[in-house]
Amino acid sequence: MAFKIPEQYQLQTTHVTATDGTLIPTSVIGKGQPVLLLHAFGMDARQFLPFILSLTQNHCFYLPHFRGFGLASDLRLPTFDFIEQYAEDTQQVVQHIRQQTTVDTFPIAAISMGALVMWAYFKRFGHDSVSHYLNIDQAPLIHNQPDWQDGGVFGTRQTELFAQFTRLISHAEPYMHVDDFRYLPYRLKADLLDIERSFSLLSVSAKPSQVLTKTLSYRAPHKISLMKHATWQHKLRCLSAYVALPYDYRDVLPTVATPTTLLIGGRSQLYDPKWQQQLLELLPNAHSIILPKSGHAVPMDAPVAFYKVLKQFLAS
């Protein structure tokens, strides 16, 4: 007798039509109340699965893959402003969920870049479809500002790291037409992988996470020469936008009346926890949860705590 996987554990892929006709792959799993989860930069949406499988009895999770990542790694961006494009795509996913489930409002949780997309979403499309929102370690702006001095990405190290990004982008520009990573100059490939590795290490704080990140991101020279990297161009285009565009959504926060939970990594090196706490003064209906030993990558640094927060958020 063949074993049949219960329906709520069966992962399916649907495609949501974006405004430009592009089909956005969206992983769907579970049954019950719809929930939308938005992933981080460089993340595959399916990496949420370990945290949500036990919740699929009462919740149906929608996990869209942003263009250039995961199941959408072959989709190109039609515009330079990728955050606004992702916000527009998210609106189409929200409309799809409402049509498929006949539920008008539902919870949304978003981490890092996905959470920045949600700030852009709130500004363009409002919050009428969002019953409550979980913002995971993300400020509403990227660049430090005179009245938000170290609250942008990387805090006090922003100038230094943005300069590294700018140099890499400049060196890569003559090769952006080369799709196959293997055909790039070795030095450029090594520099790109070094930046990715540094970014990943800045995202974690716990020792086990650091060891795992160092292990998974190490590339021997001969492997660099032969490796494939399907998303290298997309990542560089996104970094270019981060450096060039202001991405400041603080002005929309006072209008977001949706109950909001700010989940903050107490050791986050990407967004200073002190400045993230400032959002409590701007959002009308918000509270914060600080995980004192976690860095920016909360699910990786504090998986049990993240699961408990997500479970409580969905039960609220």
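Keep in mind the model is a prediction, meaning the values are calculated, not measured.
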Item to check | Test item: Ser203 and Leu270 side chains (from C-beta on) under 4.5 Å apart, heavy atoms | outcome: yes
Item to check | Main-chain N/O of Met176 paired with Gln233 side-chain donor or acceptor, under 3.5 Å | outcome: yes
Checklist entry - Okay, side chain of Asp191, backbone of Leu168: is any donor-acceptor separation there less than 3.5 Å? => result no
Next on the checklist: Salt bridge check, Asp272 against Lys274: does any charged N sit closer than 4.0 Å to a carboxylate O?
Outcome noted: no
Checklist entry - How many angstroms lie between CG in Leu253 and CG in Leu282, if you round to the nearest 0.5 Å? => result 5.5 Å
Checklist entry - Got Val28 and Cys60 here, is their nearest side-chain heavy-atom distance under 4.5 Å? => result yes
Item to check | Exercise: identify the closest heavy-atom pair between Pro254 and Pro284 | outcome: O-CG, 3.2 Å
Next on the checklist: Side chains of Ile52 and Tyr307, heavy atoms from C-beta outward: is any pair under 4.5 Å?
Outcome noted: no
Checklist entry - Taking it one step at a time, do Arg67 and Asp89 satisfy salt bridge (Lys or Arg N to Asp or Glu O under 4.0 Å)? => result CA-CA 9 Å; Arg67 304 183 196 221; Asp89 291 344; 2.8 Å; yes
Item to check | Other residues, nucleotides, ligands: >12 heavy atoms within 6.0 Å of Glu173 CD | outcome: no
Checklist entry - Can you name the residues that form a ring-ring contact (aromatic ring centres under 6.0 Å, His included) with Tyr271, not counting sequence neighbours? => result His296
Checklist entry - Do the non-hydrogen side-chain atoms of Tyr247 and His143 ever get within less than 4.5 Å of each other? => result no
Checklist outcome for this item: Under a side-chain separation threshold of 4.5 Å, the hydrophobic residues clustered together with Met300 are Val204, Leu212, Leu216
Item to check | Candidate pair Phe306 and Phe51, rule ring-ring contact (aromatic ring centres under 6.0 Å, His included), full reasoning | outcome: CA-CA 8 Å; Phe306 172 65; Phe51 304 100; 5.0 Å; yes
Next on the checklist: For the backbone of Asn144 and the side chain of Gln158, can you confirm whether one donor and one acceptor N or O come within less than 3.5 Å of each other?
Outcome noted: yes
Checklist entry - If you measure only the distance, is there a donor-acceptor pair under 3.5 Å linking the side chains of Asp20 and Thr22? => result yes
Item to check | Residue of the set Leu23, Thr26, Ile24, Val93 for which side-chain contact (heavy atoms from CB on, under 4.5 Å) holds with Thr14 | outcome: Thr26
Next on the checklist: Could you check whether any side-chain heavy atom of Phe61 comes within less than 4.5 Å of a side-chain heavy atom of Leu36, counting everything from C-beta outward?
Outcome noted: no
Item to check | Phe106-Tyr62 aromatic ring centre distance below 6.0 Å | outcome: no
Next on the checklist: Can you confirm whether the side chains of Ser288 and Gln277 place a donor and an acceptor under 3.5 Å from each other?
Outcome noted: yes
Checklist entry - For the ring-ring contact (aromatic ring centres under 6.0 Å, His included) test, which of Phe165, Phe82, Phe162 pairs with Tyr242? => result Phe82
Item to check | Set of residues satisfying salt bridge (charged side-chain N to carboxylate O under 4.0 Å, His left out) with respect to Lys123, sequence neighbours excluded | outcome: Asp251
Checklist entry - Going from CD1 on Ile224 to CG on Leu193, what distance comes out if it is rounded to the nearest 0.5 angstrom? => result 5.5 Å
Next on the checklist: Under a plain distance cut-off of 3.5 Å, with no hydrogens placed, do His229 and Glu196 share a side-chain donor-acceptor pair?
Outcome noted: yes
Next on the checklist: Minimum heavy-atom separation for His132 and Phe313, please, with both atom names.
Outcome noted: NE2-O, 3.1 Å
Checklist entry - Got Phe66 and Gln85 here, is their nearest side-chain heavy-atom distance under 4.5 Å? => result no
Item to check | Taking every non-hydrogen atom, the tightest pair across Thr231 and Gly68 | outcome: CG2-O, 3.2 Å
Item to check | Donor-acceptor contact present, side-chain His127 to main-chain Thr255, <3.5 Å | outcome: yes
Checklist entry - Quick check: does any side chain N or O of Ser73 sit under 3.5 Å from a backbone N or O of Phe69, one acting as donor and the other as acceptor? => result no
Checklist outcome for this item: In terms of heavy-atom contacts, Arg157 and Leu202 come closest through NH1-CD2, 3.7 Å
Item to check | Between NE2 on residue His59 and NZ on residue Lys311, distance to nearest 0.5 Å | outcome: 9.5 Å
Item to check | Test item: Asp137 side-chain N/O and Gly265 main-chain N/O as donor-acceptor pair under 3.5 Å | outcome: yes
Checklist entry - How far apart are the C-alpha atoms of Arg76 and Asp179, what are their side-chain angles, what is the distance that settles it, and do they pass the salt bridge (Lys or Arg N to Asp or Glu O under 4.0 Å) test? => result CA-CA 12 Å; Arg76 299 294 181 93; Asp179 291 332; 3.2 Å; yes
Checklist entry - Ile108 versus Ser129: any side-chain heavy-atom pair under 4.5 Å? => result no
Checklist outcome for this item: Sorted by chain and residue number, the salt bridge (charged side-chain N to carboxylate O under 4.0 Å, His left out) partners of Asp128 (sequence neighbours excluded) come out as none
Checklist entry - With sequence neighbours left out, what residues match Arg219 under side-chain hydrogen bond (donor to acceptor under 3.5 Å, both in side chains)? => result none
Next on the checklist: When you compare the side chains of Ser205 and Asp301, does any donor N or O come within less than 3.5 Å of an acceptor on the partner?
Outcome noted: no
Checklist outcome for this item: Heavy atoms of Ile290 and Pro292 approach each other most closely as O-CD, 3.3 Å
Next on the checklist: Side chains of Glu88 and Thr19: any donor to acceptor distance under 3.5 Å?
Outcome noted: yes
Item to check | Lys189 (side chain) donor-acceptor with Ser225 (main chain) under 3.5 angstrom | outcome: yes
Next on the checklist: As an exercise, state the distance from CD of Gln33 to CG of Leu314, rounded to the nearest 0.5 Å.
Outcome noted: 6.5 Å
Next on the checklist: Given 3.5 Å as the limit, does a donor-acceptor pair link the side chain of His39 with the main chain of Leu63, or not?
Outcome noted: no
Checklist entry - Given side chains that start at C-beta, do those of Thr261 and Asn135 come closer than 4.5 Å, heavy atoms only? => result no
Checklist entry - Can you list the steps and then say if Met118 with Tyr133 is a side chain to side chain contact (heavy atoms under 4.5 Å, CB included)? => result CA-CA 9 Å; Met118 276 307 297; Tyr133 172 54; 3.4 Å; yes
Item to check | Arg167/Asp194 salt bridge by N-O under 4.0 Å criterion | outcome: no
Checklist entry - Between Arg98 and Asp104, is a salt bridge (Lys or Arg N to Asp or Glu O under 4.0 Å) present by the stated rule, with each step listed? => result CA-CA 6 Å; Arg98 294 181 66 177; Asp104 289 332; 3.5 Å; yes
Item to check | Results of side-chain hydrogen bond (donor to acceptor under 3.5 Å, both in side chains) for Arg250 - residues two or more places apart only | outcome: Asp147, Asp248
Checklist entry - For the residue pair Leu75 and Pro25, what are the closest heavy atoms and their distance? => result CD1-CD, 3.9 Å
